[in-house]
J.: 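Could you have a look at this structure, given as structure tokens, before my questions?
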Amino acid sequence: MPRPIRAVVNPTAILGNVNKIKQLLGAGQVMPVVKANAYGHGLERVLEGLKNSDALAILEIDGAARLRQLGWTKPIVLLEGCFDEADLHKATELHCDWVVHNQAQLEDLEKLAALNNSFKPRIFLKMNTGMNRLGLQAPEMPAAITWLDEFTSRLGWPTPVLMTHFANADEAEPRTRQPMAQAQFNNLMRFKPAHWQSSLGNSAGSLNFPELAGDIARPGIAVYGATPGPHAAANYGLKPAMTFISQIIAIQHIEAGDRVGYGSRWQADRAGRIAVVACGYADGYPRHAPDGTPTFVEGHVAPVVGRVSMDMMTIDITSIPDARVGSAVELWGEHIPVDVVADRCGTIGYELLCAIAPRVPFQVVSKD
Ligand SMILES: *Cc1c(COP(=O)(O)O)cnc(C)c1O
């Protein structure tokens with residue numbers, strides 16, 4: 001028998017999350033982000049759940065090819081654009097649209113003009129509105145827009161989309177969150193030609209400021225049922241698409257004063273039962289999980305005690321008499337939000353979802 005660990009992906013949860021986001025956005029379109037192999041869930045496992053989406057956004061060209069192989073025929077947008085000339089050709093072959101975020105990429109478009117390809121990409125022109133990562137600066141915008149508008153209409157390409165990315169839409173402090181998002185929105189909108197569409201909302205923007213998300217929202221983490229913040233995913237009506245689950249493979253009876261694991265980090269202050277779970281940092285569970293990080297066993301929360309090792313971790317099941325060898329242990333998922341585990345570990349749900357290790361088998365189970 002293989003180790004009893006697995007990651008279970010639920011496409012029905014994704015379908016529900018996309019619908020939830022659609023509801024919030026009203027008339028706006030939803031373009032889920034499926035970069036990093038659908039945030040670690042696997043493109044082929046999530047696609048069924050994305051069928052009601054208007055388009056998909058990704059940044060790996062191989063991922064775009066995979067989406068086409070899997071039968072996705074609606075638009076695909078490459079979020080960092082084309083990295084070189086070979087990419088430009090590959091993108092058009094795959095019928096991808098793409099982002100243009102700097103002058104070099106803007107000039108690259110000329111290379112396609114001469115070819116008279118049958119596929120005409122829609123260009124997402126990205127502006128830097130305060131994040132200072134990707135995008136053209138405000139002074140560059142008027143000329144870029146005029147040029148691109150003329151270029152695309154001359155070649156019969158679709159009307160471009162004006163785009164930017166929120167920096168603080170997930171901020172816990174409302175006095176930072178609201179003004180920054182609004183300022184970035186205003187910054188973009190003062191350049192937007194009336195006949196162009198806009199794209200702003202990541203998950204945080206779409207959930208916290210649907211009115212600032214623009215015509216085409218780009219939610220990532222929320223689609224997978226985790227939260228960018230500040231509220232818990234459940235408070236937004238989102239359901240986790242991944243349950244990371246293993247089993248108890250051994251139980252140790254300990255006395256007060258006994259210690260557990262490498263470095264003897266945790267010491268018992270009373271007699272009890274410690275369960276050894278078949279999951280370690282080589283499976284993608286964070287090694288720096290502190291004592292008290294929750295897991296879920298036989299209907300109860302069981303805290304991590306002692307250091308997480310490569311293949312195993314230890315939890316305190318003293319107050320869970322039903323827990324036995326073979327009991328399922330949820331590391332995160334339906335009962336323990338990945339965001340809670342991440343928060344205990346000083347990171348975000350995104351990082352944990354993307355870090356499920358290659359040795360963990362996946363399973364797809366659709367359920368409401
Ligand atoms: C990753 C990404 C998103 C999605 O962000 P979430 O916080 O996961 O919703 C949206 N837009 C761009 C440009 C991205 O790179």
Side-chain angles (χ1 to χ4, degrees), residues 14 17-18 20-22 24-25 28-41 43 46 49-50 53-61 63-64 75-83 96-102 105 122-136 161-172 177 180-181 184-185 188 197-210 212-231 233 236 238 240-242 337-339 342 347-355:
I14 293 180
N17 295 336
V18 171
K20 190 91 219 168
I21 299 166
K22 264 184 186 277
L24 272 175
L25 292 170
Q29 292 183 25
V30 181
M31 176 165 78
V33 179
V34 296
K35 64 193 179 192
N37 201 21
Y39 288 47
H41 292 66
L43 289 173
V46 300
L50 296 169
S53 309
D54 300 290
L56 293 178
I58 194 165
L59 41 88
E60 304 89 350
I61 192 105
I76 297 175
V77 178
L78 300 172
L79 285 175
E80 291 180 353
C82 296
F83 294 92
C96 289
D97 300 325
W98 64 88
V99 170
V100 162
H101 63 77
N102 63 24
Q105 285 184 331
R122 181 159 61 158
I123 301 302
F124 284 61
L125 184 66
K126 188 164 189 179
M127 178 182 170
N128 173 13
T129 55
M131 172 101 170
N132 283 309
R133 205 174 53 174
L134 298 184
L136 300 182
V161 177
L162 200 61
M163 157 187 182
T164 196
H165 195 61
F166 287 126
N168 297 2
D170 56 340
E171 194 68 45
R177 192 168 74 227
M180 179 74 175
Q184 287 192 266
F185 177 86
L188 186 79
Q197 287 189 309
S198 61
S199 175
L200 294 97
N202 51 3
S203 296
S206 304
L207 299 172
N208 300 324
F209 307 106
L212 304 181
D215 301 304
I216 306 171
R218 311 181 308 271
I221 196 73
V223 167
Y224 308 98
T227 181
H231 307 298
Y236 295 109
L238 302 169
M242 182 198 288
V338 67
D339 302 299
T347 183
I348 51 178
Y350 299 68
E351 191 181 13
L352 300 189
L353 293 175
C354 292

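Just follow the structure's listing: the first ligand is 1, and inside any ligand the first atom is 1. For clarity, every value in this text was computed on a predicted model and none was experimentally measured. What you see below is based on every heavy atom in this structure, not just the backbone, and it leaves out hydrogens, waters and symmetry mates.
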J.: Judged by atom type as modelled, is there a donor-acceptor pair below 3.5 Å linking the side chain of E60 to the main-chain atoms of A36?
T.: yes

J.: Can you give me the closest heavy-atom contact between E80 and Q105, atom names plus distance?
T.: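 What the structure gives for the nearest pair is O-NE2, 3.0 Å.
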
J.: Between ligand 1 and Y39, is the shortest N or O to N or O distance under 3.5 Å?
T.: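 Yes.
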
J.: Between I221 and ligand 1, find which residue part has any heavy-atom pair under 4.0 Å and reply side chain, backbone, both or neither.
T.: both

J.: Are the side chains of M163 and M127 in touch, meaning some heavy atoms are under 4.5 Å apart?
T.: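 Answer no - side chains too far apart.
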
J.: I'd like to check the ring pair (Phe, Tyr, Trp, His ring centres under 6.0 Å) partners of Y236; sequence neighbours left out, ordered by chain and number.
T.: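 Y236: ring pair (Phe, Tyr, Trp, His ring centres under 6.0 Å) contacts with H231.
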
J.: Which bit of N202 gets closer than 4.0 Å to ligand 1, counting heavy atoms only: side chain, backbone, both or neither?
T.: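 For N202, backbone and side-chain atoms both sit under 4.0 Å from ligand 1.
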
J.: Please confirm whether P219 comes under 4.0 Å of ligand 1, counting heavy atoms of the residue only.
T.: yes

J.: For atom 11 (N) of ligand 1, what's the nearest protein heavy-atom neighbour? Residue, atom name and distance, please.
T.: R218 NE, 2.9 Å

J.: Which residue supplies the protein heavy atom nearest to atom 7 (O) of ligand 1, what is that atom called, and how far is it?
T.: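 Its nearest protein heavy-atom neighbour is Y350 OH, 2.6 Å.
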
J.: Compute the shortest N/O to N/O distance between M163 and ligand 1 and return yes if it is under 3.5 Å, no if not.
T.: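 No, there is no polar N/O contact under 3.5 Å.
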
J.: Show your working on side-chain hydrogen bond (donor to acceptor under 3.5 Å, both in side chains) between R218 and H165 and close with a plain yes or no.
T.: CA-CA 9 Å; R218 311 181 308 271; H165 195 61; 3.1 Å; yes

J.: Ignoring hydrogens and geometry, is there a side-chain-to-backbone donor-acceptor pair from S203 to G220 under 3.5 Å?
T.: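 It does hold such a pair.
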
J.: Who gets closest to atom 3 (C) of ligand 1 by heavy atom: I21, V33, V77?
T.: V33

J.: Can you list the ligand 1 atoms lying under 4.0 Å from a non-hydrogen atom of S203?
T.: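 Numbered from 1, ligand 1 contributes 6 (P), 9 (O).
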
J.: Look at atom 15 (O) of ligand 1 and say which protein heavy atom is nearest, naming residue and atom and giving the distance to 0.1 Å.
T.: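 Ranked first by proximity to atom 15 (O) of ligand 1 is K35 NZ, 2.7 Å.
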
J.: Between Y350 and Y39, how do the two ring planes meet: parallel, tilted or perpendicular, split at 30° and 60°?
T.: tilted

J.: Using a plain distance cutoff, I'd like to know if A204 has any nitrogen or oxygen under 3.5 Å from a nitrogen or oxygen of ligand 1.
T.: no

J.: With a 4.5 Å heavy-atom cut-off, do R122 and V77 have their side chains touching?
T.: no

